[in-house]
Peer 1: 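One structure, pasted below without further comment.
Chain A is the first sequence line, chain B the second, and so forth, proteins listed ahead of strands; every chain is numbered from 1.
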Amino acid sequence: MLDIKLIREQPEYVKQQLARFAFDPTLVDQVLSFDEARRRQVRTVEELKARRNSVSKAISKMSDPAERATHIAEMRTVGDEISALDRDLAQIEEGQRAVMLEIRNMPHPDVPDGRDDSENPVIYQEGEERTLPFPAKPHWELAEQLGIINFEQGIKLAGSRFYVMRGMGARLQRATIQWLLDLHGRQGYEEVYTPFVVKEQALWAAGQLPKFRDNLYRDEESGLWLVPTAEVPITSLYSDEILTAEQLPIYHVAYTPCFRKEQLSAGRDVRGIKRGHQFDKVEMYMFETAERSYAALEKLRRDAEECCRLLGLSFRTKLLCTGDIGFGSAKTYDVEVWAPGQGEWLEVSSCSNVEAFQARRANLRYRPEPGARPEFLHTLNGSGLGLPRTIIALMETYQQVDGSIVVPEVLRPYMGGTEVIGKE
RNA sequence: GGGGAGAUGACGGAGCGGUUGAACGUGCUCGUCUCGAAAACGAGUAGGGUGUAAAAAGCCCUCGGGAGUUCGAAUCUCCCUCUCCCCGCCA
C-alpha cells in the first residue's frame, strides 16, 4: 500500500511513477476522490457526534423533566443522523481501501525502464556459462537414470507438476536446506519455523492478494491458505505491533515448502522440477528502518550470492526493470545460476526491498525514539535459495560423463560424507 | 466433541448506564534530593482519524472483534474469535 499522504500531496508524481508500468493511473484519481469524500464525511459526522456528546453530558445534569425530554427527543434525531452518516462513511472507507490495495508499489530511482525480463541489466557475474567436456544432460535425465527423482510417482499421487524425490536425491535436497539454514544463521538471521497455512489477511499483508488469487491453494472449510512462500507468514509475524528501535533490525530465515497452482504459467517449464506446484525454499526476511533498508538490500543480495559461490555454481545478478519487477517491490535483484544441462540461467533468488508497502498492509510499525510517533518499517525478502533450481544447477554442473553427480564439498558433511551420487 | 471460566493501557488489576480514555499498583521517562546511586518526593507515560505549511490546541473513534438497545455503553443484549481449566476422542 502506498502512503495516502503522498498520493494526496503529490498525485502527479505518483501517477508519473506508476505510468512507468503498464498500470492504470486513474486508480490514483479514484483514491483521491474517495479520500476527499471521506474527509468531508468525517468532518460532518464528527461535528454531530461532538454535539451529541456535550448535550448528553448536559442531560445528566438537568433537573427539569420537560427540558430533559426536549433534549432527549432532539438527540434521538441526531443519533439517527449519525448512524446513517457513519454507514456511508464506512462504505467510503472500504471503497478507498479496496482501491489502495490494488495499487502497486512505486519503483526506486535505480530501477530501469524495460519491457520485460529480457531488459533486466546484469550488474554482477561470477563464473562463466560453462560447458562440460562431454554432452551435458538435463537434470531430469540424470535424476531418472540415477533413480533419485521419480516423476511418474508424483503424477500418480498428485498429478502433473508433482514429483517424488528418492534416496540420495531427497537427501541432497535436505542437506542443502540444512546447509543454507546454517549459513544464514552465521550471516545473522534468526531461524523461524512457521505454519505452512495462513489466514487470508496474511496474504493481503504480503501483497499476494489480490493479484495472485488464482495461483494459491485454499481450504474452503477452514478459510486457510497454503503458503506460496515463507515471505507470507513472516510478513505478518509482527503485524499490528509497534516495535522498539532497539529490536531492529530483525533478520529471519525460514525453511518452508511453497505451494503454487502455477495457472499463470500453464504449459511453461513442464519438464523436470523447475516449476512444480510444491517446492521447497529457504527464505531470508528483514525488518529494517527506512534509513537502512537499501544498505540491507545489498547485504541480502550478497548473502544470496554467497550461497551460489560456496556451492561452486556460476551465478549472475540482475537488476529487475519496470517490466519485470513484482507488484510490491521498489527494487529487486534476481540471482541466477547457470545450468549446463539445459544451457540456461535459472532464477534461484529474488531479493526485494518492498519499503513500507507490506508494513502498511500489515500495520507493522516501530518507534524511532521513546515517545516519538510510530513509523512504518521497511521489509525485505530474498530467497536463499529456492531448492529445485539449486538442485537442478548442482546436478547439471556436477554431473560426470558416467551420469553420476559429485556432491559439492560444503554439502558433504550434511550427507554423511557422501562424495558422489552414483547408480545404486 | 461435551461442560465451566475469562478477554480492560507496557504489565498486574479496579470499574452502580452519565465529568472513566479509563481508579490503584508496577514498569518506563524527566525532574528534585545526592559526590554518585538507592530510597523518597514531584511531573509525565496509548493508538488512529480530523485539524495544520508543518506543529499545537480543539474535536471524533478505540476497554478481544462485529451487530444491537439507549439521549448517553468498558458497563445491558446477541453473534463471532481467542485464551485457560475439567471430561471424552485421536495422533
Peer 1: Please give the distance between the P atoms of rU70(B) and rG64(B) as a whole number of Å.
Peer 2: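 Result for the P pair: 23 Å, nearest Å.
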Peer 1: For Phe287(A) and Tyr238(A), run ring-ring contact (aromatic ring centres under 6.0 Å, His included): C-alpha distance rounded to whole Å, both residues' side-chain angles, the deciding distance at 0.1 Å, then the answer.
Peer 2: CA-CA 10 Å; Phe287(A) 297 90; Tyr238(A) 308 101; 5.1 Å; yes
Peer 1: Indicate, with yes or no, if the rings of Phe162(A) and His277(A) have centres closer together than 6.0 Å.
Peer 2: yes
Peer 1: Want to settle it: does Ile72(A) or Arg38(A) sit nearer the 5' end of RNA chain B, counting the closest nucleotide to each?
Peer 2: Arg38(A)
Peer 1: Step by step, would you call Tyr294(A) with His108(A) a ring-ring contact (aromatic ring centres under 6.0 Å, His included)?
Peer 2: CA-CA 10 Å; Tyr294(A) 278 95; His108(A) 184 272; 4.3 Å; yes
Peer 1: Donor-acceptor check, side chain of Ser349(A) to backbone of Leu385(A), threshold 3.5 angstrom: yes or no?
Peer 2: no
Peer 1: Using the C1' atom as the reference point in each nucleotide, state the distance between rG51(B) and rC60(B) in Å, no decimals.
Peer 2: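 One C1' to the other, the span is 11 Å.
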Peer 1: With sequence neighbours left out, which residue pairs that include part of residues 79-90 of chain A fulfil the salt bridge (Lys or Arg N to Asp or Glu O under 4.0 Å) condition?
Peer 2: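 Found Lys49(A)-Asp86(A).
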Peer 1: Could you tell me whether Arg40(A) contacts a base, only the sugar-phosphate backbone, or nothing, with contacts defined as non-hydrogen atoms closer than 4.0 Å?
Peer 2: nothing
Peer 1: Take atom P in rC30(B) and the same atom in rA37(B), then report the distance between them in whole Å.
Peer 2: 12 Å
Peer 1: Which is the 5'-most and which the 3'-most nucleotide of RNA chain B that has an atom under 4.0 Å from a heavy atom of chain A?
Peer 2: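 Taking any atom under 4.0 Å from a heavy atom of chain A, the span is rG18(B) to rG72(B).
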Peer 1: How would you label the contact of Arg8(A) with the nucleic acid (heavy atoms, under 4.0 Å): base, sugar-phosphate, or nothing?
Peer 2: sugar-phosphate
Peer 1: Please report the distance separating the P of rU29(B) from the corresponding atom of rA53(B), rounded so that it comes out in whole Å.
Peer 2: 37 Å
Peer 1: With pairs defined as Watson-Crick or G-U wobble and both distances under 3.5 angstrom, please note down RNA chain B as a dot-bracket string, | for pairing with another strand.
Peer 2: ((((((((.[[[..)..(.....]]]((((((.......))))))(((((.......))))).[[[[[..)....]]]]])))))))....
Peer 1: What integer number of Å spans the P atoms of rA56(B) and rA5(B)?
Peer 2: 47 Å
Peer 1: Work out how far the P atom of rC79(B) is from that of rA22(B), and round it to whole angstrom.
Peer 2: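 Their P atoms lie roughly 32 Å apart.
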Peer 1: Do Ile7(A) and Asp35(A) come within less than 4.5 Å of each other through their side chains, counting heavy atoms only?
Peer 2: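 No, every pair of side-chain atoms sits at 4.5 Å or beyond.
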Peer 1: Can you confirm whether or not the ring centre of Phe357(A) sits under 6.0 Å from the ring centre of Phe327(A)?
Peer 2: yes
Peer 1: Between Asp35(A) and Glu9(A), which has a closest nucleotide on RNA chain B that is more 5'?
Peer 2: Asp35(A)
Peer 1: Using a cut-off of 4.0 Å on non-hydrogen atoms, how would the nucleic acid contact of Lys49(A) be classed: base, sugar-phosphate, or nothing?
Peer 2: sugar-phosphate
Peer 1: If the P atom of rG6(B) is compared with that of rC78(B), how far apart are they to the nearest Å?
Peer 2: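 After rounding to an integer number of Å, I get 15 Å for this pair.
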Peer 1: Just by modelled atom types, is the Arg275(A) backbone N or O under 3.5 Å from a matching donor or acceptor in the Arg161(A) side chain?
Peer 2: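 Yes: the side chain of Arg161(A) pairs with the backbone of Arg275(A).
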Peer 1: With a 4.0 Å cut-off on heavy atoms, is Arg68(A) in touch with a base, just the backbone sugar-phosphate, or nothing at all?
Peer 2: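 Since a base atom lies under 4.0 Å of Arg68(A), the category is base.
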Peer 1: Is the backbone N or O of Gly326(A) less than 3.5 Å from a side-chain atom of Ser329(A), with the two atoms forming a donor-acceptor pair by type?
Peer 2: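 No, because the side chain of Ser329(A) does not come within donor-acceptor range (under 3.5 Å) of the backbone of Gly326(A).
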Peer 1: Sticking with atom P, work out how far rU26(B) lies from rA39(B), rounded to a whole angstrom.
Peer 2: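 After rounding to an integer number of Å, I get 11 Å for this pair.
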